Asker: 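Have a look at the structure that comes next, please.
Note that the coordinates shown come from a computational prediction; the quantities given were computed from them, not determined experimentally. Excluded from the calculations below are hydrogen atoms, water molecules and symmetry mates; all remaining heavy atoms, backbone and side chain alike, are included.
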Amino acid sequence: MTGGSRGIGRAIALELGKRGATVAINYLKNHDAAKATIEELEAQGIECTRIMANVGEEAGVESLVAKIETQFGRLDILVNNAASGVMRPVGELTAKHWDWTMDINARGPWLLSVAAARLMPEGGRIINLSSPGAGHVLPAYFVVGVSKAAIEAVTRYLAVELGAKGISVNTVSAGFVMTDAIDAFPDELGVREIARRPTPAGRVITPADVANVVAMLCGDDAEMIRGQAIVVDGGETLLHR
């Protein structure tokens with residue numbers, strides 16, 4: 001899985017590992033976090049490894065898939081969780097900001113899904129991560145929101161084209177979860193307060209909540225869920241507040 005060293009990615013890695021998966025964590029810069037997550041997985045008896053690669057670049061994608069093929073020979077589940085982006089109003093963004101965000105958040109998952117599908121047997125699963133900003137306008141979220149809308153569209157197209165190979169593709173759209181990623185939002189937007197307040201479900205969303213849905217989509221019971229964006233937000237986006 002990409003972006004598996006911290007936050008939601010770490011929770012997904014732990015949950016899939018607990019359910020019997022051998023976990024390969026991809027990361028880009030944070031060696032310490034990746035090492036810590038691997039140690040945590042190993043402490044629970046989960047077979048795992050870490051692979052550094054930039055999934056925003058074609059060479060990084062091919063390198064990652066080649067290493068997985070060499071080490072494991074196959075890939076049953078791909079979780080595209082890695083994300084980045086520039087939090088600024090539309091008028092303060094440049095083409096470079098656009099390219100960086102779209103390359104990691106949308107182009108990378110597309111390229112990686114196509115490459116990974118070559119290693120997948122029938123019954124393979126691809127899960128992309130999105131956010132409510134794909135369909136709702138959030139402050140200073142323009143280019144990230146567009147990239148998340150793109151990954152949801154990528155999910156639908158891949159679900160149809162890879163369906164013939166017996167591979168299912170879905171998206172999990174996570175609401176505001178209190179992780180390090182929240183720090184990317186400017187303080188004046190009040191996103192931390194949103195993440196801390198109870199949802200209509202009566203409590204905040206946790207990384208484990210998202211991980212459980214990802215794991216569910218990887219199971220046999222989700223066989224006929226294809227090309228969908230499953231929202232995990234405790235009902236928060238149903239409200240206008």
Side-chain angles (χ1 to χ4, degrees), residues 1-3 7-9 12 54-58 61 78-117 125-163 167-177 179 181-182 184-186 189-191 194-195 199 205 207 209-210 213-214 217 222 225-241:
M1 68 171 297
T2 67
I8 291 173
I12 294 171
N54 183 357
V55 295
E57 299 177 350
E58 291 183 69
V61 168
L78 168 64
V79 180
N80 284 309
N81 174 70
S84 186
V86 182
M87 303 286 189
R88 294 183 185 179
V90 174
E92 297 178 13
L93 291 166
T94 67
K96 185 176 180 180
H97 296 145
W98 171 281
D99 290 343
W100 169 264
T101 305
M102 294 296 289
D103 284 353
I104 294 176
N105 295 1
R107 190 182 73 161
W110 156 53
L111 291 173
L112 187 51
S113 295
V114 172
R125 298 285 194 269
I126 297 175
I127 311 295
N128 299 314
L129 271 292
S130 182
S131 80
H136 298 266
V137 175
L138 306 177
Y141 204 71
F142 170 70
V143 69
V144 180
V146 170
S147 73
K148 293 301 185 180
I151 193 56
E152 293 188 10
V154 167
T155 295
R156 292 189 288 272
Y157 278 91
L158 288 177
V160 172
E161 296 206 23
L162 297 181
I167 298 170
S168 72
V169 188
N170 288 290
T171 292
V172 172
S173 177
F176 290 119
V177 183
T179 67
I182 291 292
F185 288 86
L189 299 182
V191 173
I194 296 173
T199 67
I205 315 157
D209 293 323
V210 182
V213 175
V214 171
L217 289 171
I225 301 176
R226 305 287 180 108
Q228 302 303 306
I230 310 299
V231 179
V232 184
D233 73 343
E236 182 65 28
T237 55
L238 302 175
L239 303 177
H240 295 279
R241 62 183 182 181

Asker: Less than 4.5 Å apart, side chain to side chain, heavy atoms only: is that true for Phe142 and Val146?
Answerer: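 Phe142 vs Val146: side chains touch.
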Asker: According to side chain to side chain contact (heavy atoms under 4.5 Å, CB included), who are the partners of Thr101, at least two apart in sequence or on a separate chain?
Answerer: Val86, Asn105, Val143, Val144, Ser147
Asker: Looking at Asn128, Val61, Val114, which hits side chain to side chain contact (heavy atoms under 4.5 Å, CB included) with Pro109?
Answerer: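 Only one option passes, and that is Asn128.
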Asker: What pairs with Glu92 under side-chain hydrogen bond (donor to acceptor under 3.5 Å, both in side chains), at least two apart in sequence or on another chain?
Answerer: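 With neighbours one apart ignored, the set is empty.
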Asker: What pairs with Ala117 under side chain to side chain contact (heavy atoms under 4.5 Å, CB included), at least two apart in sequence or on another chain?
Answerer: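 Ala117 satisfies side chain to side chain contact (heavy atoms under 4.5 Å, CB included) with Leu162, Lys165, Ile167 once adjacent residues are dropped.
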Asker: Restricting to non-hydrogen atoms, name the atom on Ala174 and the atom on Val210 that form the minimum distance, rounded to 0.1 Å.
Answerer: CB-CG2, 3.7 Å
Asker: For Ser131, which residues count as a side-chain hydrogen bond (donor to acceptor under 3.5 Å, both in side chains) partner, sequence neighbours excluded?
Answerer: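 Checked Ser131 against side-chain hydrogen bond (donor to acceptor under 3.5 Å, both in side chains); matches are Tyr141.
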Asker: Could you work out, with side chain to side chain contact (heavy atoms under 4.5 Å, CB included) as the rule, every residue matching Val154, not counting sequence neighbours?
Answerer: Trp110, Ile151, Leu158
Asker: Do you know which two heavy atoms are closest between Gly7 and Pro207, and how far apart they sit?
Answerer: O-CB, 4.1 Å
Asker: Just to verify, what does Asn81 make a side-chain hydrogen bond (donor to acceptor under 3.5 Å, both in side chains) with, not counting sequence neighbours?
Answerer: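 For Asn81, no residue satisfies side-chain hydrogen bond (donor to acceptor under 3.5 Å, both in side chains) once neighbours in sequence are set aside.
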Asker: Please list, chain by chain and in numerical order, all residues satisfying side chain to side chain contact (heavy atoms under 4.5 Å, CB included) with Thr237, sequence neighbours excluded.
Answerer: Pro132, His136, Val231, Asp233
Asker: If you compare all heavy atoms of Ala82 against all heavy atoms of Thr2, which two are closest, and at what distance to 0.1 Å?
Answerer: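 Distance-wise, the nearest heavy atoms are N-OG1, 2.9 Å.
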Asker: Can you run down the salt bridge (Lys or Arg N to Asp or Glu O under 4.0 Å) pairs that involve residues 98-110, sequence neighbours left out, and say none if there aren't any?
Answerer: Asp103-Arg107
Asker: Mind checking side-chain hydrogen bond (donor to acceptor under 3.5 Å, both in side chains) for Ser173 and listing every partner two or more places apart, or none if nothing turns up?
Answerer: none
Asker: Drop me the distance from Met1's CE to Ile12's CD1, to the nearest 0.5 angstrom.
Answerer: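 That separation rounds to 4.5 Å.
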Asker: Does a side-chain heavy-atom distance below 4.5 Å link Ile230 with Asn170?
Answerer: no
Asker: What pairs meet the salt bridge (Lys or Arg N to Asp or Glu O under 4.0 Å) rule with one or both residues in residues 138-160, with sequence neighbours excluded?
Answerer: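 Non-adjacent pairs meeting salt bridge (Lys or Arg N to Asp or Glu O under 4.0 Å): zero.
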Asker: Is it true that the side chains of Ser113 and Asn80 contain a donor and an acceptor less than 3.5 Å apart?
Answerer: yes
Asker: Closest approach of Leu138 and Phe176, non-hydrogen atoms and distance?
Answerer: CD1-CZ, 3.9 Å
Asker: Using 0.5 Å steps for rounding, measure from the CD1 atom of Ile127 to the CZ atom of Arg125.
Answerer: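 Ile127 CD1 to Arg125 CZ: 7.5 Å, rounded to 0.5 Å.
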Asker: Cut-off 3.5 Å, side chains only: do Thr155 and Thr171 have a donor facing an acceptor?
Answerer: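 Yes, a side-chain donor-acceptor pair sits under 3.5 Å.
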Asker: Can you give me the closest heavy-atom contact between Gly85 and Trp100, atom names plus distance?
Answerer: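 Looking at all heavy atoms of both residues, the shortest contact is N-NE1, 4.2 Å.
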